[in-house]
Amino acid sequence: MLFIHFAIFAAIISWRDYQEHLISKRVTHLALLSLIPLLHQSWLEASLLSLINFMFYATINLFSGRAIGRGDIRLSLLMGAYISAFGGDISDLIWSNAISWLACSITLIIHLLKRESLKGKRVAFAPYLFFGVFLFAISV
């Protein structure tokens, strides 16, 4: 059931982010609230991982000149909860984030190699965040 929950919200959130570069507050909050009954570990641990991930992305946003959108920062709460729900801890959260950033970087490098200008382009980061959590989930 947890994986179905993940797949549905990953598809909905990623598609909208890809199409419109928007991450809905309502959908993110619905995903968080409906995930609570599916937490195998304590909700306290899920809250802690979510808070750590939120602080990480908020700090990056602060020092990057607002390069990361508010939707991605909100989404970081959901990613922390998913990592906890799949049985992960702080090291798994770090691994998932590293995979997300690496996948996004590879995509951007491919665009640069095609000699495409990245100036003014916006990156839909939600699919990469879900990809990192997905790789963690299938590795468990």
Side-chain angles (χ1 to χ4, degrees):
M1 190 64 158
L2 176 61
F3 199 79
I4 292 170
H5 183 278
F6 175 78
I8 290 170
F9 282 103
I12 292 169
I13 294 170
S14 294
W15 182 255
R16 181 151 188 220
D17 190 26
Y18 180 75
Q19 292 292 318
E20 303 172 16
H21 295 287
L22 292 172
I23 297 173
S24 170
K25 284 182 196 177
R26 289 183 184 140
V27 175
T28 305
H29 294 162
L30 177 62
L32 278 166
L33 289 174
S34 60
L35 181 61
I36 292 171
L38 302 175
L39 294 173
H40 293 100
Q41 298 178 359
S42 74
W43 62 269
L44 185 61
E45 185 174 335
S47 299
L48 181 63
L49 284 180
S50 293
L51 181 63
I52 290 169
N53 209 31
F54 176 82
M55 294 304 294
F56 173 69
Y57 279 93
T59 303
I60 289 174
N61 187 44
L62 183 67
F63 291 111
S64 69
R66 311 271 189 255
I68 295 176
R70 289 183 309 215
D72 296 321
I73 296 170
R74 269 193 314 274
L75 193 58
S76 68
L77 291 167
L78 182 60
M79 297 301 106
Y82 274 129
I83 292 295
S84 178
F86 283 115
D89 57 14
I90 186 71
S91 64
D92 301 314
L93 181 66
I94 293 168
W95 182 85
S96 175
N97 280 318
I99 293 296
S100 299
W101 285 87
L102 182 65
C104 185
S105 298
I106 290 170
T107 304
L108 292 176
I109 289 170
I110 291 170
H111 284 288
L112 287 174
L113 291 175
K114 290 180 179 179
R115 300 192 188 271
E116 294 178 11
S117 173
L118 297 179
K119 188 173 184 172
K121 283 198 175 185
R122 298 174 70 192
V123 175
F125 195 56
Y128 298 105
L129 287 172
F130 282 109
F131 177 70
V133 174
F134 172 76
L135 288 183
F136 167 70
I138 63 170
S139 71
V140 177

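Source: prediction; values computed, not measured.
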Which pairs, with at least one residue in residues 124-140 and sequence neighbours excluded, count as a side-chain hydrogen bond (donor to acceptor under 3.5 Å, both in side chains)?
Thr107-Tyr128
In the single-linkage hydrophobic clustering (I, L, V, M, F, W, Y; side-chain heavy atoms under 4.5 Å), do Met55 and Trp101 co-cluster?
yes
So CG of Leu39 and CZ of Phe86: to nearest 0.5 Å the spacing works out to 11.0 Å
Tell me every residue that passes side-chain hydrogen bond (donor to acceptor under 3.5 Å, both in side chains) with Ser24, counting only those two or more places apart in sequence or in another chain.
none
By side chain to side chain contact (heavy atoms under 4.5 Å, CB included), which residues pair with Ile8, not counting sequence neighbours?
Ile4, Ile12
When hydrophobic residues are tied together by side-chain contacts of less than 4.5 Å, even through go-betweens, does Val133 share a cluster with Leu51?
yes
Please output the side-chain donor-acceptor pairs of residues 69-82 that fall under 3.5 Å, not counting sequence neighbours, one pair per line with the distance.
{"from": "Arg74", "atom 1": "NH2", "to": "Ile23", "atom 2": "O", "distance (Å)": "2.9"}
{"from": "Ser76", "atom 1": "OG", "to": "Ile73", "atom 2": "O", "distance (Å)": "2.4"}
{"from": "Tyr82", "atom 1": "OH", "to": "His5", "atom 2": "ND1", "distance (Å)": "2.8"}

Pairwise side-chain contact, Ile106 with Ile110, heavy-atom cut-off 4.5 Å (strictly under):
yes
Please name all residues satisfying salt bridge (Lys or Arg N to Asp or Glu O under 4.0 Å) with Arg16, sequence neighbours left out, ordered by chain then number.
Glu20
Taking atom CZ of Phe130 and atom OG of Ser96, what is their separation to the nearest 0.5 Å?
10.5 Å
Value rounded to 0.5 Å, distance of CG in Asn53 from OG in Ser84
12.0 Å
Set of residues satisfying side chain to side chain contact (heavy atoms under 4.5 Å, CB included) with respect to Ile99, sequence neighbours excluded:
Trp95, Phe131, Leu135
Any side-chain heavy atom of Leu2 sitting closer than 4.5 Å to one from Phe6?
no
Does any non-hydrogen side-chain atom of Phe56 lie less than 4.5 Å from one of Ile52?
no
Kindly say whether Pro127 contributes a backbone atom to a donor-acceptor pair with the side chain of Asp17 at under 3.5 angstrom?
no
Could you tell me the separation between the OG atom of Ser34 and the NE2 atom of His29, rounded to the nearest 0.5 Å?
12.0 Å
Let me check something: do Ile68 and Leu102 share a hydrophobic cluster, defined by ILVMFWY side-chain heavy atoms less than 4.5 Å apart, either directly or through other members?
no
Following the transitive rule for hydrophobic clusters with a side-chain heavy-atom cut-off under 4.5 Å over Ile, Leu, Val, Met, Phe, Trp and Tyr, establish whether Leu32 and Ile36 coincide in one cluster.
no
For the CZ atom of Phe54 and the CG atom of Asn61, what is their distance to the nearest 0.5 Å?
9.5 Å
Between Asp92 and Gly87, what is the shortest heavy-atom contact and its length?
OD2-O, 4.5 Å
Joint hydrophobic cluster, Ile138 plus Leu38, side-chain heavy atoms closer than 4.5 Å:
yes
Roughly how far, to the nearest 0.5 Å, is OG of Ser100 from CZ of Phe136?
12.5 Å
Within-4.5 Å side-chain heavy-atom neighbours: Asn97 and Leu129
yes
